[in-house]
Q: 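Please see the structure below; I have some questions.
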Amino acid sequence: MKSELIVDVQPQEIAIALTEDDRLQEVAKEKRNQDNFAVGNIYYGRVKKVMPALNAVFVDVGHEKEAFLHYLDLGAQYRTLQTYVTKAVSDRRRIPSMQKIQRQPEVGKEGQIADILKVGDPILVQVSKEPINTKGPRLTAEISIAGRNIVLIPFADGVMVSQKIKREAERQRLKQLILSIKPHGFGVIVRTVAEEKRVAELDNELRLLVQKWQETIKSLQQHEPVSLVSEEMGRTLGIIRDVLNPDFTSIQINERTVYEDVKNYLEIIAPESAKIVKLYQGTQPIFDHFDITRQMKTGLGRTVGFKHGGYLIIDKTEALFSIDVNSGSKKLYEDQEENAFQFNMLAADELVHQLRLRDIGGIIIVDFIDMDTKEHQQQLFDYVKQLMNRDRAKHNVLPLSKFGLMQITRQRVRPAVEVEVMETCPVCHGKGKIQPSILFTDQLEEACKDVLAQYGKGAILHLHPYVYAYVSKGWLWSLKAQWKCKYGVKVLENQSVGMLEYRFVDAKGNNISLQEKEQPKPVEQPKKVEQPKPVEEPKKVEQPKKEEQVVEEKPKVKRTTKAAKPKEAPVAPAEKSPAETKAPAAVKRKARAKKKAETQTPENNEENK
């Protein structure tokens, strides 16, 4: 089996992926340059609350939530350890000798923590479980310093050998070997990987662990409660320490500082494996190059598929994880019982893989497809137990209940891995409406101009693989080549970027922000035009009424002028004298023409025209 470790170092966090035969098995992330309250960190804290009902105390170690310390986690040698710490703090000029410390009575398994600790007491503690959800860290006062082959426990007695080492002869050899080299005042646990190790290698590691304990006490003398006095090695080195084996073929790291730290560490604990550490210098993101991003997107969602169309539905609650097994629409066998059994066996493979991949801990309830045969139920139970034997975390598997449910408990020391597989549209931000996609390249070019103006040349533009293929089309005449020449921007594809999303980074990998330039404030101006001012238009509609009145007045004038002619004609005869009626016809015609000329004014003449 081929194993690889891929380490993606970013400015804010480090992501570690473990693969076996190119299949993703474990994912871990840790923040850089901040206290994560990781398992193994040692703190000099102060008791804040004593809870007799819980037989526990809450300790202030600097976390926003107070840490929890139970009576059973004090350890048998707590009084001796506290005496040593008190002496070290009282005399800060030198480190007390472990051999000269007088042993105090052991802490029994039955007792009250209120008889040992009081509010305000300083205490040296170690994180045994990281903060999860709304709970603070869980602590232990039994300090241990872990190495690759052995674990050093101050003030403990004797040597314990891992139960996974089955050969009795080898167990006795390791026990006698450690007893001959361990210093007085320390206990040692021999880990499974120490099998067949030489005495020189174990002695060298033991000396390093004792030196680390002395450095912890020296740091304690320089600090006051509440403070961190010893930090566990990073998750990268921790995973290498715990899982490194001869099956490892390579450790790929994309940052030189972390690369050198890992290589130096391997030269100490496993010199023969130092050559497998490699510095990745490709242009493509390291997780994309080794197909980690795609496997994370497909394997860490709520619904996870497996062979022949089956799928798991994984839900998380505050108390437990529930996993439902479904066969889908396909059938492997006509017989319903046999079909359910085969799908359950396939689901068991993916189930165990998901527990390890997501680092799911606590109580897990699995709802398998119902099976009536007791033989099939037993075979499924045995198969799950066999698969779980490869899991490094402590666990317990119970047989199927009469309801077809399997209960699994798994050690939980840190929050389960959560990766957001759904992508929010970076353009519309979930509103459902976006700008025309054909204008996206114009937007990219404008952004390149802004980057050139603000930061100069040398920026790197990350695009979705589909968009990258589009801008790369045309080789020398492609948009990718044009932007490189005009703006000095290098274009790379990145699977973690959305379809119409882009990201600028500098040569060191730091994000370049252009939010101020990209705010579409001018777009909001047309909204002002939409104010209901046209409601006043009905007032303008009244204007035609005035025009109608004018038009109506004009015909009235015409009617008066035309009507004047016939009205004056009968009036004239009414005023005529008898002499005028006897006048000759020529005189009458002349008189009518004269009257007609008098009645026609200049205005009436223009209207007639």
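Residues take their numbers from the sequence shown, with the count starting at 1.
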Q: Between Phe37 and Tyr43, is the ring centre distance below 6.0 Å?
A: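 Ring centroids of Phe37 and Tyr43 are less than 6.0 Å from each other.
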
Q: Could you tell me whether a side-chain N or O of Asp324 sits under 3.5 Å from a main-chain N or O of Ser322, the two making a donor and an acceptor?
A: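 No, Asp324 side chain to Ser322 backbone: no donor-acceptor pair under 3.5 Å.
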
Q: Testing the 3.5 Å rule here: is there a donor-acceptor pair between the side chains of Ser162 and Thr192?
A: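 Distance-only check passes for Ser162 and Thr192.
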
Q: Just wondering, more than 12 heavy atoms not from Lys218 lying within 6.0 Å of its NZ?
A: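 It does not: Lys218 NZ has 12 such atoms or fewer within range.
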
Q: Set out, in order, the CA-CA distance, both residues' side-chain angles and the distance that settles side-chain contact (heavy atoms from CB on, under 4.5 Å) for Ser472 and Lys480, then state yes or no.
A: CA-CA 5 Å; Ser472 301; Lys480 173 184 173 183; 3.5 Å; yes

Q: Count the heavy atoms of every other residue, nucleotide or ligand shown that sit under 6.0 Å from CZ of Phe248, and state whether that count exceeds 12.
A: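 Counting other residues, nucleotides and ligands, CZ of Phe248 exceeds 12 neighbours.
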
Q: Is any side-chain heavy atom of Val366 less than 4.5 Å from a side-chain heavy atom of Val325?
A: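 SC-SC contact between Val366 and Val325 confirmed.
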
Q: Looking only at side-chain N and O atoms, does Gln10 offer a donor or acceptor that is under 3.5 Å from a partner on Asp8?
A: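 The criterion, which ignores hydrogens and geometry beyond distance, is satisfied for Gln10 and Asp8.
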
Q: Run the numbers on Lys307 and Asp349 for salt bridge (charged side-chain N to carboxylate O under 4.0 Å, His left out), then give the verdict.
A: CA-CA 10 Å; Lys307 293 180 181 180; Asp349 285 310; over 6 Å; no

Q: Rounded to the nearest 0.5 Å, what's the gap from CD1 on Ile42 to NZ on Lys212? Could you check?
A: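 Here the interatomic distance stands at 7.5 Å.
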
Q: Taking the side chain as every heavy atom from C-beta outward, state whether Lys490 and Thr283 have any pair of such atoms under 4.5 Å apart.
A: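 Result yes, sub-4.5 Å side-chain heavy-atom pair found.
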
Q: Taking the six-membered ring for Trp, are Phe68 and His70 parallel (under 30°), tilted (30 to 60°) or perpendicular (over 60°)?
A: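 Tilted, since the angle between the ring planes falls between 30° and 60°.
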
Q: Which heavy atom in Val229 sits nearest to a heavy atom in Leu220, and how many Å separate them?
A: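 Between these two residues, the closest heavy atoms are CG1-CA, 3.9 Å.
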
Q: Please confirm whether His462 and Tyr502 have ring centers closer than 6.0 angstrom.
A: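 His462 vs Tyr502: aromatic centres not under 6.0 Å.
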
Q: Quick check against the 3.5 Å criterion: does Gln495 have a side-chain atom that pairs as donor or acceptor with the backbone of Phe287?
A: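 A pair under 3.5 Å: no.
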
Q: For the side chain of Glu501 and the backbone of Gly498, is there at least one donor-acceptor N/O pair under 3.5 Å apart?
A: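 Confirmed, Glu501 side chain pairs with Gly498 backbone.
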
Q: Scan the side chains in residues 120-132 for donor-acceptor partners under 3.5 Å anywhere in the protein, sequence neighbours excluded, and list what turns up.
A:
unit_1	atom_1	unit_2	atom_2	d
Asp121	OD2	Lys118	N	2.7
Gln126	OE1	Ser144	N	3.0
Gln126	NE2	Gly40	O	3.1
Gln126	NE2	Ser144	O	2.8
Ser128	OG	Arg138	O	3.1
Glu130	OE2	Arg414	NE	3.4

Q: What verdict does the side-chain contact (heavy atoms from CB on, under 4.5 Å) test give for Leu266 and Ile240, after you've listed the backbone C-alpha separation in whole Å, the side-chain angles of each residue and the deciding distance to 0.1 Å?
A: CA-CA 9 Å; Leu266 282 180; Ile240 292 174; 3.7 Å; yes

Q: Name the atoms and distances for all side-chain donor-acceptor pairs under 3.5 Å in residues 267-279, with sequence neighbours left out.
A:
none

Q: Can you measure from CG (Leu461) to CZ (Phe504) and round to the nearest 0.5 angstrom?
A: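 Going from the CG atom of Leu461 to the CZ atom of Phe504 covers 4.5 Å.
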
Q: Kindly indicate whether the side chain of Phe290, heavy atoms from C-beta on, has any atom under 4.5 Å from the side chain of Tyr280.
A: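 Yes - at least one pair of side-chain heavy atoms lies under 4.5 Å apart.
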
Q: Got Tyr84 and Ile217 here, is their nearest side-chain heavy-atom distance under 4.5 Å?
A: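 They are in contact (side-chain heavy atoms under 4.5 Å apart), so the answer is yes.
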
Q: Hydrogens and angles aside, do Glu232 and Asn41 bring a side-chain donor and acceptor to less than 3.5 Å of each other?
A: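 Not at all, the side chains of Glu232 and Asn41 share no donor-acceptor pair under 3.5 Å.
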
Q: Step by step, work out the salt bridge (charged side-chain N to carboxylate O under 4.0 Å, His left out) result for Glu350 and Arg23.
A: CA-CA 12 Å; Glu350 186 60 34; Arg23 187 185 185 190; 3.0 Å; yes

Q: Is the side chain of His395 donor-acceptor paired with the backbone N or O of Met388 at a distance under 3.5 Å, no angle test?
A: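 Side chain of His395 to backbone of Met388, a donor-acceptor pair under 3.5 Å: yes, one is there.
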
Q: If you take all heavy atoms of Val7 and Ile286, which pair is closest and at what distance?
A: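 Between these two residues, the closest heavy atoms are O-CD1, 3.7 Å.
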
Q: Looking at every heavy atom in both Gly62 and Val226, which two are closest together, and how far apart are they?
A: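 That would be N-CG1, 3.4 Å.
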
Q: Would you confirm whether Ser250, through its side chain, and Gln252, through its main-chain N or O, come within 3.5 Å as a donor-acceptor pair?
A: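 Side chain of Ser250 to backbone of Gln252: no pair is present.
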
Q: Please name the pair of heavy atoms, one in Ser496 and one in Asp288, separated by the smallest distance, quoted to 0.1 Å.
A: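 For Ser496 versus Asp288, the nearest heavy atoms are N-OD2, 4.4 Å.
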
Q: In sequence, state the C-alpha distance, the side-chain angles, and the governing distance for Leu228 and Glu231, and then conclude on side-chain contact (heavy atoms from CB on, under 4.5 Å).
A: CA-CA 7 Å; Leu228 172 68; Glu231 187 173 9; 4.1 Å; yes

Q: Which of parallel (below 30°), tilted (30 to 60°) and perpendicular (above 60°) describes Phe186 and Trp213?
A: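 Rings of Phe186 and Trp213: perpendicular, over 60°.
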
Q: Taking His223's backbone N and O only, do any of them form a donor-acceptor pair with Ser227's side chain (distance below 3.5 Å, no angle check)?
A: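 No; zero donor-acceptor contacts below 3.5 Å.
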
Q: Tyr487 versus Lys457: any side-chain heavy-atom pair under 4.5 Å?
A: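 Tyr487 vs Lys457: side chains apart.
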
Q: Should Ile153 and Ile189 count as side-chain neighbours, where that means a heavy-atom distance under 4.5 Å?
A: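 Ile153 reaches Ile189 side chain to side chain.
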
Q: Ignoring hydrogens and angles, tell me if any N or O in the side chain of Asn494 forms a donor-acceptor pair with the backbone of Leu463 under 3.5 Å.
A: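 Side chain of Asn494 to backbone of Leu463: no pair is present.
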
Q: Which value, rounded to the nearest 0.5 Å, describes the distance between Trp483 atom CH2 and Lys449 atom NZ?
A: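 It comes to 11.5 Å.
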
Q: So which atom in Pro465 and which in Glu493 form the shortest heavy-atom distance, rounded to 0.1 Å?
A: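 So the minimum-distance heavy-atom pair works out to CB-OE1, 3.4 Å.
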
Q: Can a donor-acceptor pair be found, under 3.5 Å and without considering hydrogens, that links the side chain of Arg191 to the backbone of Val151?
A: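 No, Arg191 side chain to Val151 backbone: no donor-acceptor pair under 3.5 Å.
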
Q: For a salt bridge (charged side-chain N to carboxylate O under 4.0 Å, His left out) with Lys2, tell me which candidate from Asp22, Asp247, Asp21 qualifies.
A: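 Of all the options given, the one that passes is Asp22.
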
Q: Quick one: are Ile460 and Val489 in side-chain contact, heavy atoms under 4.5 Å?
A: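 A side-chain contact under 4.5 Å is absent here.
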
Q: Would Ile314 and Gln354 count as a side-chain contact (heavy atoms from CB on, under 4.5 Å) here? Give the steps.
A: CA-CA 9 Å; Ile314 304 174; Gln354 287 294 320; 3.9 Å; yes

Q: Atom CD of Glu201 and atom CZ of Arg148: how far apart are they, to the nearest 0.5 Å?
A: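 That separation rounds to 8.5 Å.
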
Q: More than 12 heavy atoms of other residues, nucleotides or ligands under 6.0 Å from CZ of Arg256: is that the case?
A: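 Open.
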
Q: On a heavy-atom basis, which atom in Ser478 and which in Val471 lie closest, and how many Å separate them?
A: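 Distance-wise, the nearest heavy atoms are CB-O, 3.3 Å.
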
Q: Under 4.0 Å between a side-chain nitrogen and a carboxylate oxygen: does that hold for Asp60 and Lys65?
A: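 Answer for the salt bridge query: no.
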
Q: Please determine whether salt bridge (charged side-chain N to carboxylate O under 4.0 Å, His left out) holds for the pair Lys486 and Glu445, giving the CA-CA distance in whole Å, both sets of side-chain angles, and the decisive distance to 0.1 Å.
A: CA-CA 10 Å; Lys486 289 182 180 179; Glu445 187 161 2; 3.8 Å; yes

Q: Report the distance from atom CD1 of Ile512 to atom CZ of Arg503, rounding to the nearest 0.5 Å.
A: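 Answer rounded to 0.5 Å: 12.5 Å.
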
Q: Is the shortest side-chain N to carboxylate O distance from Lys48 to Glu66 below 4.0 Å?
A: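 Here Lys48 does not pair with Glu66 in a salt bridge, since their nearest N and O are not under 4.0 Å apart.
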
Q: If you measure from CZ on Arg46 to CD on Glu224, what distance do you get to the nearest 0.5 Å?
A: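 Between Arg46 CZ and Glu224 CD, I get 8.5 Å after rounding to 0.5 Å.
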
Q: Can you confirm whether Leu357 sits close enough to Glu26 that some side-chain heavy atom of one is under 4.5 Å from a side-chain heavy atom of the other?
A: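 No, too far: nothing below the 4.5 Å cut-off.
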
Q: Please assess Ser3 against Glu20 for the test side chain to side chain donor-acceptor pair (under 3.5 Å), listing each intermediate value before the final yes or no.
A: CA-CA 4 Å; Ser3 299; Glu20 294 178 358; 4.7 Å; no

